[in-house]
Each structure stands twice: as C-alpha cells, then as structure tokens.
Trainee: 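Can you read through this structure? Questions will come right after.
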Amino acid sequence: MDIKESLKLNIKNALKALGVDLDVNEIVIEDSKDPAHGDYATNIALKSARNFGKSPRDVASLIIENLDKASIDHIEVAGPGFINFFMKQDSLTNVVSKIIDEKENYGRGEKKNFKVNVEFVSANPTGDLHVGHARGAAIGDSISRILEFDGYDVTREYYINDAGNQINNLAKSIEARYKEILGVPCEFPEDGYHGEDVKAVARKIYEEVGDKALTYENPLEFFKERGMEIELDKIREDLANYRIKFDIYSSERKIRSNNAVEKEIAYLDKHIYKDEGALVLKTTDYLDDKDRVIVKGNGDYTYFLPDIVYHVNKLSRGYDLLIDVLGADHHGYINRMKSALMMHGYSKDVLEIELIQMVRMMKDGAEFKLSKRTGNGYTLRELCEDVGVDAARFFFVTRAASGHLDFDLDLAVKQSSDNPVYYAQYAHARLASVLESASDITIDKLGNELSKKSELDLIKTLAKFPDVVKVASKERAPYKIANYIHEVAEQVHSFYTECRVIDRSNLSVTSSRLGLCLASKIVLSNALKLLGVSAPDHM
RNA sequence: GCGCUAGUAGCUCAGUUGGAUAGAGUACAACACUACGAAUGUUGGGGUCAGGGGUUCGAAUCCUCUCUAGCGCGCCA
C-alpha cells in the first residue's frame, strides 16, 4: 500500500475511534507544496468539524491523538485546522525497493473484472487518416493503456462504416480515376473524393487488373470492395506505425446482416411514431431534447438507427462499459444514443463519450492546414514523418481532451530542452547512462543513504505514481500522466545536478543513489508506456 | 433564440473536485560545467483567475446575470 493510502486508513481509524465513520474516499491527502507544511497534509479536520460541533483546530488535535504514529516523525496543526504530516525518512525511502521489486508492474491497479470497450478513430475507409483523427487516436489508445494498467479488461474497437453513401462515393470516385487512367471519358461524381490518395488507389487497381475492371459484371461493386480493402490496409498500416493495434474491426454491413436493423425497429416499436411518412424515435422520453428520425420518408435509414444496432451489439458482447471517443462536434449525439440504450433497459452510464476538441496545427506562428503531398488535409502519416511518433503522441495527450489544442510543429521537431518529449526522454537516457557506467556497483534498494532534499522530493514524486494512474484512469485523462512525466523528469534532472551519483570513494552513498536512479528510470518508463511514447536508453 | 464546451502570466496550459502566499512550460534577464549525457540546473520579474452580484470560516473552483470565442441545434454522417 502506498503512503497516502495508509495515511487515509490511519485517519479513518482515528475518526472511527472518535465515533465518526467516514468512507476512505472522503479523506483527501494532499502533497504539501510548501516544505514547512510537511510531506503530506489533510483538511479532514476542517471538513468534519461539523460532525463534532467543535472548532477545526480542536478536532485536528483529537484526530492526532488517535493516530498510529509508527511511520510518522511528527505532526502539526496549522492555519485554520490543517494537519501536516512529517514522515519518518525510512517510510519514504521504502518506496525505492518497492519500485525496483515490482519493475514494470509498479503502479498497476488490481484486477477489476470489469470489461471496457473503447471505440476510437472509426474513420470511414475513404481516404488517409488526417491530423483530426490523430488526436482521437492518441487519446483513445492512451486511455485504453491506462485502463488496462489500472486493472480493467480493455478491448480496442474500430467501427467501419462500410454500408453508407460515402463508400458508394468512394467507389464512384475510384471508377472515375480508373477511367481517367484508361483514357475513357467520364464525369467526376459530384460528391466524389478529389484527393491524390484516391488517384493512387485507382492506379494500384490498374496495376493489379490492368484494363479489365470495366468488363466485370459489376465494376462499381468491384471498385467498392477492392478500394475499401486498399484504404483499410493503409489505415491499419498508419495506425500500426502510430503504435495502435485494434482488437476488433467491426463492419457496419456485418452488423446489419440477418435483418438486425429491421429487428431493432420491431424491438423499439413502442417508442416509435410516424411523422409524415418517417419513423421517429421518441428519445425525449429519456434524455434527449428532441425526437429523432430513424427511418426517412423514402424508406432509407438515418445513420442513427444502425448506430443503435451497433451499440446494442457491443453491449450484447458482455461489456460493462462502452467508451466512444468522438470529435467534439458530436456532442449532440450523446443523449440521443444514451436514450436509445435506455430503451433497451440499460443504464445511461453504460455509455461514456469522450469528446475530443479540434486541433490546430501551427507552423511559423500560423495555422498549417494542407498536406504538401496530396493538396488535401495534413495526414497522420506526414505528421509522423515530420515530427516522429513519440512527439506526435505526446503532444496530442498533453492537454485535456475537452480543450482546443494548438499543435506547435516547430516545437515538436526541435530536439532540445524546450520540447517536452525530449526533456522527459533525456531524463530517462541520462539515468540509463549513469546505471550503465556503474554497472559493476551493487545497487542498494533500501535507500539507506538518501537524505538530500532533491532525493526525498524525487522519492515522494515516485511514490505518487500509483495514485496518478488511478486518477488518470478514473477521469480518462491521459494528460495527467503527461504532466506527471514532466514532474518526474524535472526532479530527476534536479537530483542529478545536486547529487553526483557515482563516487567510487563512497560506495554506500553511490549504491543508494543508483537505487534511486533505477527506481526513477522504471517509473519514467512505465509512465511513458501509458502514452505510447518510447523510453530510450540512448538518444 | 436554445444547448454544449471554454475564457487563469506576453504565448500554450495545470490547478488534487471548496483550502494555506493561484502554479508549470515557453519567452525575457542573470548566474552555474576541467566531473556520471549542459538535450541540464539555480534565481528573478511578470496576474483585476473575462466582468458584476451571491452562497460561507474560506471561491479560480458552487449559484446567478452579462460579455467573448468555438461547436452543435437536418428525413447529413
């Protein structure tokens, strides 16, 4: 158990002895910002003063009398009633051996036996992934990694809209480009895809089958199937390069098969009414502020209906929670879908939607929109080529998903201190380098000789990691990991400057500091892994 | 017009769910290596927390109104 958790339990027991029963989660232990306030602090006396009918300071004194002080050096009451804890040194340094023993499992949460399905990217296979997808991809994958590490069973899922109009437009666009190659006159479809990538697909098909495609029984069908395969292969490849692997690719067509949509209409019957020939779902009975058309007057389905089928399908596969990572322009969609799921008897909480705000790519102080290659949007592939996967993934998750993000391309390519990725990776490489040059010295895991301020500060930060993981997991907030990484890196550099690690005339201090180096390296590596960013030993 | 999200240092953003003197990075200024990676560290200035009102021991945080920005409000997806 980490230090904060045991303090919380300690306080809980003290309160219980005083006749007040509180949940552990209601007790907040803060890291003191000011060393004069000790190592940790709590405001519990202020919060529970009402229960006692006494002044907060008096309550604080009462609590202190009932605490188990085994790991505590001394305790102070301060200000309006804060309790400040000054820990015994060994209760801090114990963390070092814990980290070294647990290695890549340090910070891992307990098994929850709780199945989560995280759906993200889900871009239509009609072209290359662009930077808009890149942020959602980085955040979706990091959330998945964090949840997994925290003990959830996570499935990453990609939904392929292969039944809609866009796919037909893709087929027509490819056909037009293909005819272009053959010199057959044709008109480019009105809603077609004009990008260079579609031309490339047509060229690829031409290389594969020559001029025979037009003689096929159903050329358009062929262009559709083959085109989609090619597009999907590209997407998979881009994602793999971006260190993302989906467990499941779900096809809309497959989900629609066996009359699933018609069955869904029958199932929802009592929530459906007719309006001017259209079928409308009465979502206002639940959370929505407006009823939604699910079948148009001409008999076509709106996108919403198969989407309901898809979400019900996911839930029927046994997930306890669905998380959709979507662009912020989908926020109107949330209550709509939750309402539909509630019609199936699910709680509104089985679906959680993480909205990702827009990204602006910035270069030379101005917005950078266009791909130099295709003339369309700046693609994920180009981004990775330009700034590297590490920088791309790290930059996308450094800010809360709900906020707009300005991605500074100039900064991301800089291999210098002001680039936060290099700052963190450099810290890791430095530690690796020190450990390497002292590989003949035995490492002391117990941290016996650690007493300098920068050493103890670093230890306290390392001790927080399991807690940071829990919070990041609970809030689906990868940026908290990113902030934490920066904090660790900062203290590693600070420690490194204040304390010379290798001193062959003083092996006992050296081996303790090597232990701290190793522990720090492990934590940095574990944290970076949660963001899909590499932790190199050499740079 | 209604709804969602946001407004914190010159810029990009945190702020542990209502707590102690509002913090980082960046930019700016000054200092520090004959040493384990200076891709670093230390120090400094910089704030009407968009604005008004309210709730209480205590508000950047909760309530309310106003202003500003982005996005939604389709028988589009």
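This one's a predicted model, so the numbers in the text were calculated from it and none came from an experiment. Each chain gets a letter, A, B and so on, in the order the sequences are listed, and its residues count up from 1.
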Trainee: Can you tell me, in whole Å, how much space there is between the C1' of B/A60 and that of B/U17?
Mentor: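 It comes out at 13 Å once rounded to the nearest Å.
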
Trainee: Does the A/D162 side chain pair with the main chain of A/R253, one donor and one acceptor, at a distance under 3.5 Å?
Mentor: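 Looks like yes, one N/O pair under 3.5 Å.
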
Trainee: Would you mind classifying the nucleic acid contact of A/A427 as base, sugar-phosphate or nothing, using non-hydrogen atoms under 4.0 angstrom?
Mentor: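 Result for A/A427 = nothing.
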
Trainee: What residue among A/L380, A/V397, A/V325, A/L405 forms side chain to side chain contact (heavy atoms under 4.5 Å, CB included) with A/R135?
Mentor: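 Of A/L380, A/V397, A/V325, A/L405, side chain to side chain contact (heavy atoms under 4.5 Å, CB included) with A/R135 is met by A/L405 alone.
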
Trainee: Give A/N169 one of three labels, base, sugar-phosphate or nothing, depending on what nucleic acid heavy atoms sit under 4.0 Å from its own.
Mentor: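 No contact at all - A/N169 keeps every heavy atom at 4.0 Å or more from the nucleic acid.
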
Trainee: Report which part of the nucleic acid A/R513 touches: base, sugar-phosphate, or nothing (heavy-atom distance under 4.0 Å, all strands).
Mentor: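 Touches nothing.
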
Trainee: Given B/G41, B/C13, B/U17, identify the nucleotide with an atom nearest to the side chain of A/R399.
Mentor: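 Nearest nucleotide to the side chain: B/C13.
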
Trainee: Round to a whole Å and report the spacing from CD1 of A/I27 to P of B/U17.
Mentor: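 That distance rounds to 13 Å.
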
Trainee: Side chain of A/K296 only, please: which of B/G37, B/C73, B/C76 is the nearest?
Mentor: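 Closest nucleotide to the A/K296 side chain: B/C76.
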
Trainee: With a 4.0 Å cut-off on heavy atoms, is A/Y333 in touch with a base, just the backbone sugar-phosphate, or nothing at all?
Mentor: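 Touches nothing.
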
Trainee: What is the glycosidic conformation of B/U43: syn, defined as within 90° of 0, or anti?
Mentor: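 Anti, since the glycosidic angle lies more than 90° from 0.
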
Trainee: Between A/L46 (CG) and B/G19 (P), how many Å, whole number?
Mentor: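 Interatomic distance, CG of A/L46 to P of B/G19: 10 Å.
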
Trainee: Suppose you measure atom P in B/A39 against the same atom in B/U26; what distance do you get, rounded to whole Å?
Mentor: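 The same atom, P, in both gives a distance of 15 Å.
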
Trainee: Looking for any heavy atom pair under 4.0 Å, which part of the strands does A/N43 touch: base, sugar-phosphate only, or nothing?
Mentor: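 It contacts base atoms.
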
Trainee: For A/H493 and B/U40, give me the distance from atom NE2 to atom P, rounded to whole Å.
Mentor: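 Those two atoms, NE2 and P, are 6 Å apart.
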
Trainee: Before giving the answer on side chain to side chain donor-acceptor pair (under 3.5 Å), spell out for A/D150 and A/S473 the whole-Å C-alpha distance, their side-chain angles and the decisive distance to 0.1 Å.
Mentor: CA-CA 7 Å; A/D150 193 32; A/S473 160; 2.7 Å; yes

Trainee: At under 4.0 Å between heavy atoms, what does A/A41 touch on the DNA or RNA strands: base, sugar-phosphate, or nothing?
Mentor: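 Since a base atom lies under 4.0 Å of A/A41, the category is base.
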
Trainee: Nearest whole angstrom, please: distance from the C1' of B/G3 to the NE2 of A/H330.
Mentor: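 These atoms are roughly 17 Å apart.
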
Trainee: Ring of A/F82 versus six-membered ring of B/A20: centres under 5.5 Å and planes under 30°?
Mentor: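 By the stated criterion, A/F82 and B/A20 stack.
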
Trainee: Between the base of B/A20 and the side chain of A/N84, is there any donor-acceptor pair under 3.5 Å?
Mentor: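 In this structure, the two groups form a donor-acceptor pair.
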
Trainee: Give a yes/no on whether any side-chain N or O of A/Y479 is located under 4.0 angstrom from OP1 or OP2 of B/U16.
Mentor: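 For A/Y479, the contact criterion (side-chain N or O under 4.0 Å from OP1 or OP2 of B/U16) is not met.
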
Trainee: Start at the 5' end of RNA chain B and walk down; is the nucleotide closest to A/A400 or to A/G332 reached first?
Mentor: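 Its nearest nucleotide being more 5', the pick is A/A400.
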
Trainee: What's A/C499 touching, base or sugar-phosphate or nothing? Going by heavy atoms closer than 4.0 Å.
Mentor: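 The residue A/C499 makes base contact.
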
Trainee: RNA chain B: A/K4 or A/E276, which has the more 5' nearest nucleotide?
Mentor: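 Between the two, 5'-proximity favours A/K4.
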
Trainee: To the side chain of A/R430, which of B/A77, B/U40, B/C13 is closest?
Mentor: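 Closest nucleotide to the A/R430 side chain: B/U40.
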
Trainee: If the test is salt bridge (charged side-chain N to carboxylate O under 4.0 Å, His left out), which one of A/K464, A/K460, A/K4 qualifies with A/D39?
Mentor: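 It is A/K460; the other options fail the test.
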
Trainee: I'd like the P distance from B/C11 over to B/G53, given in whole Å.
Mentor: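 My reading of the P atoms in B/G53 and B/C11 gives 26 Å.
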
Trainee: Which is true for A/E252 with a 4.0 Å heavy-atom rule: it touches a base, it touches only sugar-phosphate, or it touches nothing?
Mentor: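 A/E252: no heavy atom of the nucleic acid under 4.0 Å.
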
Trainee: Which part of the nucleic acid, if any, lies within contact of A/V28, taking any heavy atom under 4.0 Å across all strands shown: a base, the sugar-phosphate backbone alone, or nothing?
Mentor: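 Sugar-phosphate, backbone atoms only, no base.
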
Trainee: By a 5.5 angstrom centroid cut-off and a 30 degree plane limit, is there stacking between A/H37 and B/A20?
Mentor: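 So A/H37 counts as stacking on the base.
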
Trainee: Compute whether any side-chain donor of one residue and acceptor of the other, for A/Y301 and A/E262, lie under 3.5 angstrom apart.
Mentor: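 Judged by distance alone, the side chains do pair up.
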
Trainee: Within the 4.0 Å heavy-atom criterion, would you say A/H331 contacts the bases, only the backbone, or no part of the nucleic acid?
Mentor: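 Base, at least one base heavy atom under 4.0 Å.
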
Trainee: B/A39 C1' sits how many Å from A/H538 NE2, rounded?
Mentor: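 It is 15 Å, rounded to the nearest whole Å.
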
Trainee: Which whole number of Å gives the distance between the P atom of B/A20 and that of B/G58?
Mentor: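 Straight-line distance between the two P atoms is 14 Å.
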
Trainee: I want to check one thing: is the phosphate of B/G15, taken as OP1 and OP2, less than 4.0 Å away from some side-chain N or O of A/K480?
Mentor: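 Affirmative; the distance criterion is met.
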
Trainee: In whole Å, measure the gap between the C1' atoms of B/U21 and B/C63 for me.
Mentor: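 Each nucleotide's C1' atom is 28 Å from the other's.
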
Trainee: Please report the distance separating the P of B/A9 from the corresponding atom of B/G15, rounded so that it comes out in whole Å.
Mentor: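 The answer is 15 Å between these two P atoms.
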
Trainee: Taking any heavy-atom pair under 4.0 Å as a contact, classify A/N165: base, sugar-phosphate, or nothing.
Mentor: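 No contact.
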
Trainee: For A/S437, report the nucleic acid contact type (base, sugar-phosphate, nothing); a contact means any heavy atom under 4.0 Å.
Mentor: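 Since only primed, P, OP1 and OP2 atoms lie under 4.0 Å of A/S437, the category is sugar-phosphate.
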
Trainee: Please classify the nucleic acid contact of A/E490 as base, sugar-phosphate, or nothing, using heavy-atom distances under 4.0 Å.
Mentor: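 Result for A/E490 = sugar-phosphate.
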
Trainee: Could you check which of B/C36, B/A77, B/G37 has an atom nearest any side-chain atom of A/M539?
Mentor: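 My answer, after comparing the listed nucleotides, is B/G37.
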
Trainee: Should the pair A/Y333 and A/H330 be assigned to parallel (<30°), tilted (30 to 60°) or perpendicular (>60°) ring geometry?
Mentor: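 Correct class here is perpendicular.
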
Trainee: Between A/R513 and A/E449, does a salt bridge (charged side-chain N to carboxylate O under 4.0 Å, His left out) hold up when you go through it step by step?
Mentor: CA-CA 8 Å; A/R513 287 184 176 162; A/E449 301 280 347; over 6 Å; no

